[in-house]
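Notes for the one structure printed next.
In each ligand, atom 1 is the first atom listed, and ligand 1 is the first ligand listed.
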Amino acid sequence: MRPRRITTHKIQAMKARGERIPMVTAYDYTQAQIVEAAGIPMILVGDSLGNVVLGFDSTIPVTVEDMVRHSAAVVRGADTPLIVVDMPFMSYQVDAETALRNAGRLLQEGGAQAVKLEGGKPVAPIIRRLTDAGVAVMGHIGLTPQSVHKLGGYRVQGKTDRSADVLIEDALEIQEAGAFAIVLELIPVELAAEITERLDIPTIGIGAGLHTDGQVQVLYDMLGLSLGFKPKHAGNYASLGETAKDAIERYAADVKTGSFPTSAQSFHVDKQASESSESTRSLSSPYGSGN
Ligand code: KIV
């Protein structure tokens with residue numbers, strides 16, 4: 001029997017029990033397998049894939065097709081975590097009908113259990129339409145990367161009393177519209193603590209300090225997979241980019257000196273094997289087993 005997937009209610013129960021909620025992004029099948037094996041209860045198929053996977057300088061060029069494709073790969077890789085997929089730029093802002101159609105695709109073709117969309121009060125009516133239609137929605141306020149040009153860069157939000165009040169109001173409206181949880185990105189610790197205190201739904205922070213109900217990180221940042229810039233809030237858990245570069249350099253050097261592959265890493269003629277056993281040899285991996 002397939003393992004049961006974690007539900008939005010289970011995520012909410014974690015807040016009620018005071019249990020912190022770890023979440024990371026994943027964008028493909030193998031990453032999803034690793035993240036699930038590490039015991040993460042909730043995965044975000046983030047539109048940050050525009051930056052870390054596709055090499056754009058923002059999330060704005062990401063399409064619904066991109067999100068459907070990557071979501072389906074993540075769903076195939078992880079059986080138990082709740083999978084939340086980002087609605088990309090302009091897939092929900094135009095009107096509720098467009099939002100419903102695109103959320104439908106992300107759930108039906110992408111296989112995710114919930115969608116996430118960015119914005120405060122102005123997107124609350126869209127969230128209401130989606131939740132009324134049975135779609136589980138995660139909100140996202142603070143730094144909303146799809147609005148990077150309006151915000152004038154990737155900057156901390158809610159630093160003044162006035163902007164903090166707007167964010168509190170946004171969070172309450174999003175909860176009221178039926179969201180099951182909300183991401184708080186790049187806001188001061190004190191403001192994140194206040195929002196977390198005032199909401200019944202879980203807050204998931206990124207660059208929002210310790211007092212949110214959960215934390216989310218972009219997998220590439222958390223694992224140090226990208227060789228360039230790493231945000232300070234991502235922590236220092238690994239430097240996989242350097243590790244991979246080192247391994248590839250050693251491989252390239254071995255190829256150049258002729259020390260790779262070794263005899264043990266090669267296949268040899270088997271004089272005993274008959275032609276027919278050759279053709280019926282069973283495969284132990286998707287790429288073939290060899291002898
Ligand atoms: O796209 C993403 O990875 C996100 C996180 C930064 C929360 O929205």
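- Close contacts between ligand 1 and D47 involve ligand atoms 1 (O) [criterion: under 4.0 Å to a heavy atom].
- Some N or O of D86 is nearer than 3.5 Å to an N or O of ligand 1, by distance alone.
- Under a 4.0 Å N-O distance rule, the pair R250/D254 does not qualify as a salt bridge.
- Of the protein's non-hydrogen atoms, L44 CD2, 3.5 Å is the one closest to atom 4 (C) of ligand 1.
- Distance alone, capped at 3.5 Å, is enough to place a donor-acceptor pair between the Q217 side chain and the H233 backbone.
- Taking CZ of R76 as the start and CG of D28 as the end, the distance is 10.5 Å to the nearest 0.5 Å.
- Atoms CD1 and CG, on I204 and D213 in that order, are 6.5 Å from each other to the nearest 0.5 Å.
- At the top of the distance list for atom 2 (C) of ligand 1, counting protein heavy atoms only, stands S48 OG, 3.3 Å.
- Considering backbone and side-chain N/O of K116, one or more are found under 3.5 Å from N/O of ligand 1.
- Salt-bridge formation is not detected for the pair D221/K230: no Lys NZ or Arg NE/NH1/NH2 atom is positioned less than 4.0 Å from an Asp or Glu carboxylate oxygen.
- For a threshold of 3.5 Å applied to N or O pairs, the pair formed by Y27 and ligand 1 contains no separation below that value.
- Residues R69 and E65 are not paired through a salt bridge, judged by the lack of any N-O separation under 4.0 Å between the basic side chain and the carboxylate.
- Taking all atoms of both residues into account, the shortest heavy-atom contact from V189 to L210 is CG1-N, 4.4 Å.
- Assignment of H140 to the shell around ligand 1 is supported, since a heavy atom sits closer than 4.0 Å.
- Listed by number with element, the atoms of ligand 1 under 4.0 Å from a non-hydrogen atom of I206 are 6 (C).
- Atoms of ligand 1 lying under 4.0 Å from at least one heavy atom of V218, given by number and element, are 3 (O).
- Using a 4.0 Å cut-off between heavy atoms, T25 contacts ligand 1 through its side chain alone, with no backbone atom that close.
- Atom numbering of ligand 1 starts at 1 in the shown order; those under 4.0 Å from a heavy atom of G46 are 1 (O), 2 (C), 3 (O).
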